[in-house]
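Report on the structure given below.
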Amino acid sequence: QMQLAESGGGLARAGGSLRLSCVASGQIFSINDMGWYRQGPGKEREMVAGITSGGSTNYADAVRGRFTISRDNAKNTVYLQMNSLKPEDTAVYYCSAYGSTYGTKGWTKYQHPLQHYWGQGTQVTVSP
C-alpha cells in the first residue's frame with residue numbers, strides 16, 4: 001500500500017499564503033502523476049493542480065497564476081504553494097498520487113497495478 005500524508009494547512013487571511021506538503025510512503029514501486037484536489041463546503045471535489053513525474057504541470061482556472069505545484073521525486077513529495085489566497089479557496093485539500101506499489105515473493109519483487117491513492121486531507125481556511 002501507499003500512504004499519503006498532507007501537512008501545512010491552516011488559517012490564513014485573504015491575500016496571504018500557505019504551503020501544503022504531501023509525502024508518499026510505503027512500498028512504492030513508482031509514482032507517475034501527483035496532484036492536489038479540494039472540496040469546499042457544499043461543493044464537489046475538484047482538481048486544483050497536477051504534476052507529472054517529468055514536471056509538467058496543469059492548473060484549474062480558479063488558481064492559475066496564484067498557486068504553484070512542485071515535487072521532489074527523490075523524497076516522494078509534492079508541494080502546493082498558495083499565494084494571494086481568497087476566501088473561496090477555503091476547502092479541505094487532498095493530495096493524490098497515481099502510482100504502484102510492490103510486493104515480494106521470496107527473492108522476487110513484483111509490481112502491483114497502477115491505481116490512485118488519496119491522502120486524508122488538510123483544512124485550509126481563508127478569512128476575508
Side-chain angles (χ1 to χ4, degrees):
Q1 281 295 325
M2 185 186 308
Q3 295 81 40
L4 302 178
E6 303 102 334
S7 62
L11 179 64
R13 290 191 174 184
S17 299
L18 286 173
R19 188 188 193 215
L20 305 183
S21 300
C22 172
V23 180
S25 62
Q27 294 180 297
I28 299 170
F29 185 92
S30 67
I31 301 178
N32 295 0
D33 300 340
M34 300 189 79
W36 292 94
Y37 288 71
R38 68 185 182 186
Q39 187 167 14
K43 298 181 180 180
E44 294 186 353
R45 189 175 297 190
E46 61 179 359
M47 190 276 289
V48 175
I51 185 168
T52 67
S53 58
S56 296
T57 59
N58 66 295
Y59 297 92
D61 290 342
V63 306
R64 188 175 290 111
R66 300 188 297 120
F67 291 9
T68 302
I69 188 171
S70 60
R71 66 189 282 179
D72 185 331
N73 291 331
K75 296 181 179 179
N76 292 326
T77 301
V78 63
Y79 307 95
L80 186 67
Q81 178 66 44
M82 304 185 294
N83 298 329
S84 302
L85 284 163
K86 302 176 181 180
E88 50 264 43
D89 294 321
T90 295
V92 178
Y93 284 71
Y94 297 91
C95 173
S96 76
Y98 183 65
S100 61
T101 57
Y102 67 85
T104 57
K105 188 172 184 180
W107 294 103
T108 302
K109 181 184 290 187
Y110 60 93
Q111 181 184 3
H112 290 141
L114 289 163
Q115 67 178 79
H116 281 99
Y117 295 89
W118 294 92
Q120 293 297 308
T122 184
Q123 177 70 46
V124 171
T125 302
V126 183
S127 62

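As a basis for the values below, the full set of heavy atoms in this structure was taken, side chains included, without hydrogen atoms, waters or symmetry mates.
- With sequence neighbours left out, His112 forms a side-chain hydrogen bond (donor to acceptor under 3.5 Å, both in side chains) with Thr101.
- In this structure the side chain of Thr122 never reaches within 4.5 angstrom of the side chain of Val92, judged on heavy atoms.
- Between the CE atom of Met34 and the OG atom of Ser96 there is a distance of 7.5 Å, given to the nearest 0.5 Å.
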Stepwise, does the side chain to side chain contact (heavy atoms under 4.5 Å, CB included) test hold for Gln27 with Tyr102? CA-CA 6 Å; Gln27 294 180 297; Tyr102 67 85; 3.7 Å; yes

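- Residues in residues 44-86 take part in no disulfide bond (SG atoms under 2.5 Å apart) pair, two or more places apart or across chains.
- For the side-chain contact (heavy atoms from CB on, under 4.5 Å) test, residues two or more places apart in sequence or in another chain that qualify with Thr125 are Leu11, Thr90, Gln123.
- For Tyr37, the ring pair (Phe, Tyr, Trp, His ring centres under 6.0 Å) test picks out Trp118, with sequence neighbours left out.
- Scanning for salt bridge (charged side-chain N to carboxylate O under 4.0 Å, His left out) contacts around Glu46 gives Arg38, with sequence neighbours left out.
- Between Tyr79 and Thr68, the closest side-chain pair of non-hydrogen atoms is not below 4.5 Å.
- Annotation: ring pair (Phe, Tyr, Trp, His ring centres under 6.0 Å) contacts of Tyr94 (sequence neighbours excluded): none.
- The closest donor-acceptor contact from the side chain of Thr77 to the backbone of Lys75 lies under 3.5 Å.
- Among residues at least two apart or in separate chains, there is no disulfide bond (SG atoms under 2.5 Å apart) pair with a member in residues 29-64.
- Within the structure, the side chain to side chain donor-acceptor pair (under 3.5 Å) test picks out no pair touching residues 4-15 (sequence neighbours left out).
- Going from atom CG of Asp33 over to atom OH of Tyr98 covers 8.5 Å, rounded to the nearest 0.5 Å.
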Show me the donor-acceptor pairs within less than 3.5 Å that the side chains of residues 48-67 make with the rest of the protein, sequence neighbours left out.
unit_1, atom_1, unit_2, atom_2, d
Thr52, OG1, Gly54, N, 3.3
Thr52, OG1, Gly55, N, 3.3
Thr52, OG1, Ser56, N, 3.1
Tyr59, OH, Ile69, N, 2.9
Asp61, OD1, Arg64, NH1, 2.6
Arg64, NH2, Tyr59, O, 2.6
Arg66, NH1, Ser84, O, 2.9
Arg66, NH1, Asp89, OD2, 2.8
Arg66, NH2, Ala62, O, 2.8
Arg66, NH2, Asp89, OD1, 3.0
Arg66, NH2, Asp89, OD2, 3.4

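- Shown here for Pro87 and Pro128, the closest heavy-atom pair between the two residues is CG-CA, 4.1 Å.
- When every heavy atom of Thr104 is checked against every heavy atom of Tyr110, the shortest pair comes out as N-CE2, 3.6 Å.
- For Gln1, the side-chain contact (heavy atoms from CB on, under 4.5 Å) test picks out Gln3, Tyr117, with sequence neighbours left out.
- Residues passing the side-chain hydrogen bond (donor to acceptor under 3.5 Å, both in side chains) test with Ser30, sequence neighbours excluded: Ser100.
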Table please: side-chain donor-acceptor pairs of residues 16-24 below 3.5 Å, with sequence neighbours left out.
unit_1, atom_1, unit_2, atom_2, d
Ser17, OG, Asn83, OD1, 2.9

